[in-house]
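Report on the structure given below.
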Amino acid sequence: YTRRVRAAQRGDEFGDLASAFNRMAADLEAVDTHRKELVANVSHELRTPIAALRAVLENVVDGVSDADPETMRVALKQTQRLGRLVDQLLDLSRLDNGVVPLHARRFEVWPYLAGILKEAGMAKGAESHSGAHTRKDVHLNLDVSPPELTAHADAERLHQVVANLIDNAVKHSPAHGRVTVRARRGDGPGSLELEVLDEGPGIPEADWHRVFERFNRGGLSPDGSVDGRRRPGPVSDGGTGLGLAIARWAVDLHGGRIGVAESSRGCRIKVSLPGPVPEPKPGTP
Ligand code: ADP
């Protein structure tokens with residue numbers, strides 16, 4: 001790289017050519033990095049609905065449940081979600097280039113979050129089924145007040161955020177741990193405060209900001225150890241460090257905020273969404 005820059009500093013035609021070459025090489029590098037990131041994003045994001053779908057189908061094949069319309073509806077819903085996720089992940093590839101549209105609408109918070117928790121419960125069961133994790137004993141709770149609370153947001157993008165946070169909370173929960181999704185009215189009119197709490201080891205304060213950066217796992221190596229030492233509590237391997245980066249990007253699109261909050265026990269991630277949706281703006285996870 002140094003050699004390239006030196007050649008470009010020459011004030012003649014060769015220098016101009018070298019500068020152009022440097023720019024082209026840098027562009028190609030950026031494209032390549034972006035492509036690799038997208039592949040990693042896709043694998044990370046597709047795991048949860050695939051796990052849920054697999055659980056439903058395996059239960060039917062093993063005779064644990066019947067292929068009744070209700071079970072098939074669940075499978076269909078996961079398939080639809082997979083399709084939507086692929087679309088969303090492709091959005092990520094457009095991030096560097098332009099504006100990502102936000103399809104905000106008003107919806108009731110309680111049934112919306114209950115649906116996400118139900119899916120998370122099924123994915124959790126599927127992980128246990130595959131033998132990778134045994135977390136069927138993690139309790140998922142929903143706390144919405146007032147019960148008729150409504151939100152104005154892009155339901156699909158917010159789904160991505162909440163599902164990611166629940167997935168993390170379950171991953172880091174101890175046996176019999178409790179994961180709570182809490183929703184309240186925010187300060188401004190139509191604003192919403194969401195929290196996902198767990199009883200795991202939490203995130204060290206020094207990592208509160210960097211865990212929202214792409215590929216940052218807060219000192220957690222792929223095998224779930226911290227600086228060579230194993231973290232207390234069950235930690236999933238195979239994480240990519242993209243979940244929170246994608247969550248932050250989706251929250252940014254809403255003009256909202258996401259962060260780790262003080263907690264006496266475990267991890268507490270707070271999401272604040274303003275009521276009126278601002279103009280869509282470009283952003284990068
Ligand atoms: P991944 O889970 O794939 O590593 P994320 O972006 O979802 O990626 O999370 C980044 C890092 O933040 C994780 O590697 C972990 O160190 C930390 N983290 C996220 N959620 C929790 C949680 N609920 N409890 C403890 N640590 C967490």
Side-chain angles (χ1 to χ4, degrees), residues 36-51 85 88-89 92 95 116-117 119-121 123-124 127 132-133 135 137-141 157-182 194-252 257-271 283-285:
K36 285 180 188 150
E37 285 177 3
L38 186 70
V39 171
N41 269 342
V42 170
S43 340
H44 182 81
E45 288 304 313
L46 299 188
R47 254 182 43 220
T48 306
I50 287 176
L85 265 174
Q88 285 191 343
L89 287 163
L92 269 175
L95 273 182
I116 301 177
L117 273 171
E119 285 172 19
K124 191 160 62 80
E127 283 182 3
H133 315 282
R135 299 216 183 84
D137 52 359
V138 173
H139 304 285
L140 302 173
N141 298 307
R157 298 224 183 275
L158 189 60
H159 188 297
Q160 215 174 357
V161 174
V162 179
N164 260 318
L165 296 182
I166 296 174
D167 187 44
N168 277 347
V170 169
K171 250 172 18 183
H172 295 274
S173 281
H176 311 294
R178 203 168 18 156
V179 169
T180 305
V181 179
R182 187 182 288 161
L194 277 178
E195 281 183 0
V196 177
L197 307 106
D198 65 56
E199 299 175 336
I203 300 177
E205 199 164 342
D207 292 335
W208 280 11
H209 288 287
R210 66 177 181 138
V211 287
F212 290 94
E213 291 163 12
R214 277 188 189 197
F215 299 109
N216 203 309
R217 309 200 64 220
L220 207 62
S221 65
D223 67 355
S225 61
V226 187
D227 304 328
R229 281 172 293 112
R230 233 183 127 83
R231 257 192 177 190
V235 178
S236 166
D237 47 352
T240 57
L242 288 166
L244 290 182
I246 292 171
R248 186 179 65 178
W249 164 68
V251 172
D252 279 353
R257 279 199 320 249
I258 183 168
V260 187
E262 284 289 347
S263 163
S264 55
R265 186 176 183 192
C267 183
R268 181 169 162 215
I269 307 272
K270 202 168 169 172
V271 176
T284 37

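Everything numeric in this text was worked out from a predicted model, so none of it was measured. We count ligands from 1, going down the list as the structure has it; atoms in each ligand are counted the same way.
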Counting heavy atoms only, which part of D198 comes closer than 4.0 Å to ligand 1: side chain, backbone, both or neither? side chain

Are any of the side-chain heavy atoms of E262 and E205 separated by less than 4.5 Å? yes

Counting heavy atoms only, which of K171, R268, R47 is nearest atom 2 (O) of ligand 1? K171

Using a 4.5 Å cut-off on heavy atoms from C-beta on, say whether the side chain of D198 contacts that of V170. no

Please walk me through it: do L165 and L194 pass side-chain contact (heavy atoms from CB on, under 4.5 Å)? CA-CA 11 Å; L165 296 182; L194 277 178; over 6 Å; no

Got I258 and I269 here, is their nearest side-chain heavy-atom distance under 4.5 Å? yes

With the side chain counted from C-beta on, respond yes when N168 and V196 share a heavy-atom pair under 4.5 Å apart, and no when they do not. no

Hey, which atoms in ligand 1 end up nearer than 4.0 Å to a heavy atom of G202? 25 (C), 26 (N)

So between H172, R210, R248, whose heavy atom ends up nearest atom 21 (C) of ligand 1? H172

So, is L244 polar-close to ligand 1, with some N/O to N/O distance under 3.5 Å? yes

